[in-house]
Amino acid sequence: MEKWFVASKRADFNKIGEVFHISPVTARLMRNRDLTTIEEMQRYLYGSLSDLYDPHLLKDADKGAEIIKEKIEAGKKIRIISDYDVDGVSSNYILYQGLKRCGADVDYKIPDRVEDGYGINEHLIEQAAEDGIDTIITCDNGIAASAQIAYGNSLGLTIVVTDHHDIPFQKENDEITYLLPPAAAVINPKQKDCSYPFKSICGAVVVYKFIQMLYDLFQIDQKESEAFLEIAAMATVCDVMPLFDENRILVKEGLRRIRQTEIVGLQALIEANHLEDKKLSSYHFGFILGPCINASGRLTSAKEALELLLCKDKEICRQKAEALTALNAERKEMTADGVKAAKAYLESTGHAKDKVLVVYLPDCHESIAGIIAGRMKEYYHKPVFVITRTKEGLKGSGRSIEAYHMYQEMNKIKECFDKFGGHPMAAGLSMQEDRLEEFREKLNTNTTLTEEDFVEKVHIDVALPISYLSESLIKEFELLEPFGNENTKPLFAQKDLYIKGIRVLGTTGRCLKLFLSDGSQTNIEAMYFGESDGFLEELSCFCGKEEAQRVQRGLPHHIWMDVTYYPQINEWRGQKSIQIVIQNYRFKHQ
C-alpha cells in the first residue's frame, strides 16, 4: 500500500533559474531539498573544499591532537582500534596513514566481528597493554565504552576516542544525563557542547579532520590530507550519512578525484568490478565498492580490506581485490537465502502482523543480519530486528522506518540487553537467549506506531509530463548529484499513460521494457527493474488474464497507468534517446 504526495514548497522558481542559469524544474528540485536562500543554493551547486568547516570547532580535537603530538615526539607506541565496517576500515586507513606521515610508531587492530564483537573491549585493552602500547585511538567506536575505557585507564593506557555515534544517555524523571567515556579526549560532533556546526559526519570524516589538525601541528602541507578524500567520501556514502551540507562537498570531491586516486588498492577494486570505464557515482560507492570492503569484515576479517587499501604492489592489490569481490558475491548469495528464511519465519509464526518485527534466524551468519533486516524493512515497511545465535548468546541488528527512533526505543528496555547501541535508523545488540520473547513483547507493547506509519509514502518532486523532457534538461539534473540519503534522486510523475506494449528483457526475465504514450501522442520507452513477475501478475489481477495479454502484445485495450519515474538518456549503437525508469505504478481503466 502506498500514498503518493507531490511536494508543494513555494519559491520564485523562475528567478532562481535566472540566477543559476537553470530551468525552473531544477530550481524547484533544489527548493524541495529544503534550500531556501540563494547562498544555500550556491553552496549546494558549487560548494568546494574551502566551504568545509574548521576542524578546530570539534570539541576536544585540539586537546586530542596535542596529546598525540606529544606521544609521537616521545616515541610512544600508538594503536588504532576501529570498527569492522566500511566506515571503520576507512577511518583506520586515514588515521594509520596520517599518523605514519607524522612519524608515529603506530599499528592497528580491527576487532573480529564474531570473536570480539563491536568496538573496543577488555580483551583488546589487555592485549594492547601486554604489547607495550602506550596510547589507543578509537575510530568509529568508543563513545559507548565507558567501562572498557575506565579499565584501560587503570592499566595506565592513554585513550583518545574519535567517534560519530549517538552519545549514550540515561533518563530519570524526564531528565536526560549523557554518559561520556572517561577518555583523555573525546572527539565526537554529537556531544551537546560541541560547537561543530554539522553533526552528521561519519567516523572517517571525524578522523580526516583530526589528521588535518595533526598535519598543522607537524607543519605538513594541508594539500597532503586531500589524498584521503576519496576514502572519506566512500565511508560517508556507505555509512548512509545525509548527502547535504559538508557531506555533499566531500562526496562530490571524492568522486571527482577517484579516477586519479593514488590508492593502488582502491584502483584495483574498481578494476576487479569492471568499473574502470564507467563514470563513478555514489551508487558505485554504496552498492559495489563499499560492499566488497564490508564483505571481509562480515565473512572473514576486515583486516584484509585494510591491507588492500594500504598495499602498494599492483599485482598483490589485484589478487586481494579479486578475492574481496568474490567474497562479496558469496555474501550476496547468503543474503538472498537469509531474506527467504526471514519471510518464511514471519509468515509462519504470525509475527508479520507485529508492529515491530523481530526475526529469529539462529543459524544465520551474524554478519548479514543487518542487511536482511534492511531488506525486511523495505518489504514490510516496519522496523525490523534480525536476531542470530552465537557462542556468547544472541546478537542482532535492526533497521528502522522514519516514524521509529530505534536507539531511543531500545533505551526504554535496556534491561533486555547485554550491550546495545546505534542511531535512529539502525542499531546493534547482544542479549541472552531467554530474553528474546521479552524483547519482542516489550518493543511491541511500548510502541506508539500506528497503521498510518506503515503506509509507504512516495514523495514526488514534480508532476512532470514526459513531453517536457529533453536531453539538456536531463543533463542539467546532474548538477544535483551526488544522490543518496536526504539528497535522493529526483522523482517525477505522470498520470494517464497508455501502454502500447510490454516486453520482458534478459535471459532471467528480471526486467521489463514498456512502450508508453501520453494524451498528446508523445511516445516514450520505459524500463522497470522491479519484480517483473509481480508486475505482470498485478496487471492480470487488475484487468484479467485475457486483457493483460492484449496489453503485453500491443493490441487495443482499455488499461492506462500512472507512474513515478526518473528520466535518463539511453545510448545504443551511437544513437541517443530519452527513456524513463519507472519506480512506482498504478493501473487504471479509461
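Taking the six-membered ring for Trp and the full ring otherwise, the centers of H589 and F542 sit less than 6.0 Å from each other. In this structure, F454 has its ring center at least 6.0 angstrom away from the ring center of Y404.
Taking the charged nitrogens against the carboxylate oxygens, D85 and R298 have no contact shorter than 4.0 Å, which rules out a salt bridge. With respect to the salt-bridge test (charged N to carboxylate O, under 4.0 angstrom), the residues K3 and E456 do not qualify. A salt bridge is defined here as a Lys NZ or Arg NE, NH1 or NH2 lying under 4.0 Å from an Asp or Glu carboxylate O, and K495 with D518 fails to meet this definition. Here K190 pairs with D166 in a salt bridge; the nearest charged N to carboxylate O distance falls below 4.0 Å. Salt bridge annotation for E366-K395: present, with a cationic side-chain nitrogen under 4.0 angstrom from a carboxylate oxygen. In this structure, R256 pairs ionically with E253, as a charged nitrogen and a carboxylate oxygen lie closer than 4.0 Å.
Between the side chain of D140 and the main chain of H164, no donor-acceptor pair closer than 3.5 Å is present. At distances below 3.5 Å, at least one donor-acceptor pair connects side-chain atoms of H405 with backbone N or O atoms of Q408. T236 contributes a side-chain N or O that, together with a main-chain N or O of A232, makes up a donor-acceptor pair within less than 3.5 Å. Between the side chain of E246 and the backbone N or O of I201 there is no donor-acceptor pair closer than 3.5 Å. Side-chain N or O atoms of R503 include none that pairs as donor or acceptor with a backbone N or O of K513 at under 3.5 Å. One N or O on the side chain of R550 and one on the backbone of P556 form a donor-acceptor pair closer than 3.5 Å. Remark: side-chain polar atoms of T325 are paired, donor with acceptor, to backbone N or O of A321 under 3.5 angstrom. Looking at S296, its side chain does come within 3.5 Å of a backbone N or O of I293 through a donor-acceptor pair. Panel note: side chain R33, backbone L29; a donor-acceptor pair is recorded below 3.5 Å.
Side-chain N/O atoms of N294 and Y84 include no donor and acceptor closer than 3.5 Å. Of the N and O atoms on the side chains of H284 and N273, not one donor lies less than 3.5 Å from an acceptor on the other residue. Judged by distance alone, the side chains of Y44 and D245 never bring a donor and an acceptor atom under 3.5 Å apart. Of the N and O atoms on the side chains of D562 and Q494, not one donor lies less than 3.5 Å from an acceptor on the other residue. Side-chain contact check for N523 and K500: at least one donor-acceptor pair (N or O, by modelled atom type) lies under 3.5 Å.
Within a 6.0 Å sphere centred on NZ of K332, other residues, nucleotides and ligands contribute 12 heavy atoms or fewer. For E571, the CD atom sits in a packed shell: over 12 heavy atoms of surrounding residues, nucleotides or ligands are nearer than 6.0 Å. Atom NZ of K278 sits in a sparse spot, with 12 or fewer heavy atoms from other residues, nucleotides or ligands closer than 6.0 Å. Within 6.0 Å of NZ in K15 there are 12 or fewer heavy atoms belonging to other residues, nucleotides or ligands. Within a 6.0 Å radius of NZ in K199, other residues, nucleotides and ligands contribute more than 12 heavy atoms.
With rounding to the nearest 0.5 angstrom, the CG atom of L229 is 11.0 Å from the CD1 atom of I249.
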Output, in order, the C-alpha distance, side-chain angles, deciding distance and verdict of side-chain contact (heavy atoms from CB on, under 4.5 Å) for Q579 and Q568. CA-CA 6 Å; Q579 68 179 22; Q568 59 183 207; 2.7 Å; yes
Kindly indicate, with the supporting measurements, whether the criterion side-chain contact (heavy atoms from CB on, under 4.5 Å) is fulfilled by S397 and V386. CA-CA 6 Å; S397 286; V386 173; 5.8 Å; no
Check the pair D453 / K355 against salt bridge (charged side-chain N to carboxylate O under 4.0 Å, His left out), numbers first and verdict last. CA-CA 10 Å; D453 293 322; K355 290 184 175 180; over 6 Å; no
Intermediate values then yes/no, side-chain contact (heavy atoms from CB on, under 4.5 Å), L394 and Y360: CA-CA 9 Å; L394 302 185; Y360 184 41; 3.7 Å; yes
Trace of the side-chain contact (heavy atoms from CB on, under 4.5 Å) decision for L539 with C543: CA-CA 6 Å; L539 178 61; C543 63; 4.1 Å; yes
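Taking the six-membered ring where tryptophan is involved, the planes of Y566 and F483 are perpendicular, since the angle between them exceeds 60° and thus also 30°. In this structure, Y283 and F287 have parallel ring planes: the angle between them is below the 30° cut-off, well short of the 60° mark. Relative orientation of the F244 and F198 rings is perpendicular, given thresholds of 30° and 60° on the angle between their planes. Using cut-offs of 30° and 60° on the angle between ring planes, the pair Y585 and Y528 is perpendicular.
Between R259 and I270 the shortest side-chain heavy-atom distance falls below 4.5 Å. Counting heavy atoms from C-beta outward, E547 and H558 have side chains that approach closer than 4.5 Å. Side chains of F20 and Q42 form a contact here, defined as non-hydrogen atoms less than 4.5 Å apart. Using a 4.5 Å cut-off on side-chain heavy atoms (C-beta onward), M527 and L512 make no contact. Here the side chains of M241 and V205 are not in contact, with every heavy-atom distance at 4.5 Å or above. Side-chain contact check for L243 versus V251: some heavy-atom pair is nearer than 4.5 Å. Looking at heavy atoms from C-beta onward, P383 lies in side-chain contact with L449 at the 4.5 angstrom threshold. The shortest distance between side-chain heavy atoms of E438 and K442 falls below 4.5 Å.
Of all non-hydrogen atoms in P490 and L480, the two that sit nearest each other are CG-CD1, 3.8 Å. The minimum heavy-atom distance linking F587 with E538 is given by the pair CE1-C, 4.1 Å. V384 approaches M406 most closely through the heavy-atom pair O-CE, 3.9 Å. Smallest separation of non-hydrogen atoms from N247 and P242: ND2-O, 3.0 Å. Nearest heavy-atom pair across A369 and T388 is CB-CG2, 4.2 Å. When all heavy atoms are compared, the tightest approach of I580 to Y565 is CG2-CD1, 3.4 Å.
The residue from F439, Y407, F385 that alone fulfils the ring-ring contact (aromatic ring centres under 6.0 Å, His included) condition with F420 is Y407. Each of Q521, Q590, H557 was evaluated against Y498; a single residue qualifies, H557, per the side-chain contact (heavy atoms from CB on, under 4.5 Å) test.
Among pairs with a residue in residues 464-493, those fulfilling salt bridge (Lys or Arg N to Asp or Glu O under 4.0 Å) read K279-E478, K279-E481, K475-E478, at least two apart in sequence or across chains.
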Can you give me every donor-acceptor pair (side chain of residues 370-382, partner residue at least two apart or in another chain, under 3.5 Å) with its distance?
from, atom 1, to, atom 2, distance (Å)
Y380, OH, E347, OE2, 2.7
K382, NZ, A352, O, 2.9
K382, NZ, D354, O, 2.7

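For the pair R586 and W560, the NZ or CZ position fails the cation-pi test of under 6.0 Å to the six-membered ring centre and within 45 degrees of the ring normal.
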